[in-house]
*Asks:* 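Below is one structure. I have some questions about it.
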There are 2 protein chains.
Amino acid sequence: MNNHDAVNEILVRLFANILDIEEKCLKIGEFSDLSISEMHVIENIGINRERTMSDTAKDLRITSGTLTTAVDNLIRKGYVERKRSIEDRRVVIIKLTEKGVAAYSAHEDFHKDMVISALQQLDTKEEELLIKILTDIDVFFKQKYDIGYK
Amino acid sequence: MNNHDAVNEILVRLFANILDIEEKCLKIGEFSDLSISEMHVIENIGINRERTMSDTAKDLRITSGTLTTAVDNLIRKGYVERKRSIEDRRVVIIKLTEKGVAAYSAHEDFHKDMVISALQQLDTKEEELLIKILTDIDVFFKQKYDIGYK
DNA sequence: TTAATTTATTTTGATAATCAAATTATATTT
DNA sequence: AAATATAATTTGATTATCAAAATAAATTAA
């Protein structure tokens, strides 16, 4: 097996496993009534931000209809609140409740913990190479597939 | 921003985009009747391999029932064939058809393209260091989060 | 060698995430 | 004022998924 195949194989496995880890950790934690998708909505709304439905849907690359039902459920569960914009009454503003902020923070802590643990075994030179390679992949995607990054 | 935050940020962005990109490429290509999930089944069955339903489901971390319907659809679309094992008639053997192999190869090309362009700027020594880093991280995740690898 | 148990798969009945298209309400343009 | 455009929701559908029940075959135990 050449190096390209080795890197490809391990990246595929890593990506699959990290998603699994995220889901697993969510399910055993304090906010186990949230799905990964719902957590992504919370992540996107963010702390101290008022977001419109359209902008959030666009960022998450889902339709408005999909976001409407997701937000319905997040409101029912107490993580998000919704109000009409005063300037333009077609627009709906969503923001995190206190509970939503707590969930956001917990998730962020998990991310930090995961990354810090993973990097602990690397020396500075290795860390920098890793960042370089991840950046390259990121740039490659952006250029080649014209993905709308925020 | 320190290295930890840099890696966290870029990982989050990569993860948010990678499945979308994969899906996008799939949808504009020759095998646009395949979903990402279905492609993952094809990827797991592999070329020149006969796989049982159980082993494939375990690898993909989905239930046998889920795999049964996925394979039903892949057979209907002409990518997979299914037969009973002769040694143990409870066991169902699945393998790729010629069309399945073609889809597998096309998907592999996408992955290779991704990795090659990411590795382009590294020399062999750096490539090997990267493989070591990724392997270490992979093993680390396995130990820390007790993920059921194959 | 029958009966009980285990194993491999499929079926069934349910839920979550998603989309496209239709609808509703409001704003903007002609 | 009418026509058009925009923001969000609703509707009706599909796909991916699971847990639990059912089916069929193999293995173990009585």
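First the proteins, then the strands, lettered A, B, ... as listed; each starts at 1.
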*Asks:* Which whole-number value in Å describes the distance from Met53(B) CE to dT11(C) P?
*Replies:*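 That distance rounds to 10 Å.
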*Asks:* Just compare dC19(C), dT26(C), dC18(D) and give me whichever is closest to any side-chain atom of Arg89(A).
*Replies:*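 In terms of side-chain proximity for Arg89(A), the closest of dC19(C), dT26(C), dC18(D) is dT26(C).
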*Asks:* By the 4.0 Å heavy-atom rule, please label Thr52(B) as base, sugar-phosphate, or nothing.
*Replies:*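 Touches sugar-phosphate only.
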*Asks:* Any idea which heavy atoms bring Asp88(B) and Arg90(B) closest together, and the distance?
*Replies:* OD2-NH2, 2.7 Å
*Asks:* Check this for me: does any side-chain nitrogen of one of Asp123(A) and Lys125(A) sit under 4.0 Å from a carboxylate oxygen of the other?
*Replies:*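 Salt bridge: no.
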*Asks:* Could you check how far NZ of Lys24(B) sits from P of dT18(C), rounded to whole Å?
*Replies:*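 Going from NZ in Lys24(B) over to P in dT18(C) covers 17 Å.
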*Asks:* Should the heavy atoms of other residues, nucleotides or ligands under 6.0 Å from NZ of Lys99(A) be counted, would the total exceed 12?
*Replies:*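 Yes, because the 6.0 Å sphere around NZ of Lys99(A) holds more than 12 heavy atoms from other groups.
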*Asks:* Between Arg51(B) (CZ) and dA8(C) (P), how many Å, whole number?
*Replies:* 14 Å
*Asks:* Checking contacts here: which listed nucleotide (dT18(C), dT9(D), dC18(D)) is nearest the side-chain heavy atoms of Thr66(A)?
*Replies:*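 Of dT18(C), dT9(D), dC18(D), dT18(C) is nearest to the side chain of Thr66(A).
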*Asks:* Quick one: closest heavy-atom pair of Thr97(B) and Glu81(B), and the distance?
*Replies:*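 Closest pair (atom of Thr97(B), atom of Glu81(B), distance): CG2-OE1, 3.7 Å.
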*Asks:* dT17(D), dA7(D), dC18(D): which one has an atom nearest the side-chain heavy atoms of Thr63(B)?
*Replies:*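 Looking only at heavy atoms from C-beta outward on Thr63(B), the closest nucleotide is dC18(D).
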*Asks:* Scan for salt bridge (Lys or Arg N to Asp or Glu O under 4.0 Å) pairs involving residues 35-44 of chain B, sequence neighbours excluded, and state none if there are none.
*Replies:*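 Qualifying pairs: Glu38(B)-Lys77(B).
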*Asks:* Start at the 5' end of DNA chain D and walk down; is the nucleotide closest to Asp72(A) or to Asp88(A) reached first?
*Replies:* Asp88(A)
*Asks:* Would you please name every residue forming a salt bridge (charged side-chain N to carboxylate O under 4.0 Å, His left out) with Asp33(A), sequence neighbours left out?
*Replies:* none
*Asks:* Ile86(B) CD1 to dA26(D) P: how many Å, rounded?
*Replies:*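 To the nearest whole Å, that distance equals 12 Å.
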*Asks:* Between Asn73(A) and Glu87(A), who's closer to the 5' end of DNA chain C by nearest nucleotide?
*Replies:*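 Counting from the 5' end, the first nearest nucleotide belongs to Asn73(A).
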*Asks:* For the NE2 atom of His40(B) and the CG atom of Leu34(B), what is their distance to the nearest 0.5 Å?
*Replies:* 11.5 Å
*Asks:* So if I take every side-chain heavy atom of Thr68(A) and compare against dT10(D), dT10(C), dA8(C), which nucleotide ends up nearest?
*Replies:*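 Given the options dT10(D), dT10(C), dA8(C), the side chain of Thr68(A) is closest to dT10(D).
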*Asks:* Just the rounded figure in Å: distance from P of dC18(D) to CZ of Arg61(B).
*Replies:* 12 Å
*Asks:* With sequence neighbours left out, write down each residue that passes ring-ring contact (aromatic ring centres under 6.0 Å, His included) with His111(A), or none if nothing qualifies.
*Replies:* His107(A)
*Asks:* I'd like a table of atom pairs between the protein and nucleotides 4-6 of chain D - only N or O on both sides, under 3.5 Å - with the distance next to each one.
*Replies:*
unit_1 : atom_1 : unit_2   : atom_2 : d
dT6(D) : O4'    : Arg90(A) : NH1    : 3.4
dT6(D) : O2     : Arg90(A) : NH1    : 3.1

*Asks:* Any donor and acceptor pair, going by atom type alone, linking the side chain of Ser32(A) with main-chain N or O of Ile28(A) inside 3.5 Å?
*Replies:* no
*Asks:* In whole Å, what is the span from the NZ atom of Lys83(A) to the C1' atom of dA7(D)?
*Replies:* 17 Å
*Asks:* To the nearest angstrom, how far is Ile94(B) atom CD1 from dA8(C) atom P?
*Replies:*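 Spelled out: CD1 on Ile94(B) to P on dA8(C) is 15 Å.
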*Asks:* Can you list, pair by pair, the side-chain donor-acceptor contacts under 3.5 Å of residues 63-72 of chain B, counting residues two or more places apart and other chains?
*Replies:*
unit_1   : atom_1 : unit_2   : atom_2 : d
Thr63(B) : OG1    : Thr66(B) : N      : 3.2
Thr63(B) : OG1    : Thr66(B) : OG1    : 3.0
Thr68(B) : OG1    : Ser64(B) : O      : 3.0
Thr69(B) : OG1    : Thr66(B) : O      : 2.9
Asp72(B) : OD1    : Arg82(B) : NH1    : 3.4
Asp72(B) : OD1    : Arg82(B) : NH2    : 2.5

*Asks:* By a strict heavy-atom criterion of less than 4.0 Å, which residues belonging to residues 27-40 of chain B are in contact with DNA chain D?
*Replies:*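 Ser35(B), Ser37(B) - these, ordered by number, are the residues of the stretch whose heavy atoms sit under 4.0 Å from the strand.
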*Asks:* Does the side chain of Arg84(A) get closer than 4.0 angstrom to OP1 or OP2 of dA27(C) through an N or O atom?
*Replies:* no
*Asks:* I want to check one thing: is the phosphate of dT10(C), taken as OP1 and OP2, less than 4.0 Å away from some side-chain N or O of Arg82(B)?
*Replies:* yes
*Asks:* Output the rounded distance in Å from CD1 (Ile62(B)) to C1' (dT15(D)).
*Replies:*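 In whole Å, dT15(D) C1' lies 13 Å from Ile62(B) CD1.
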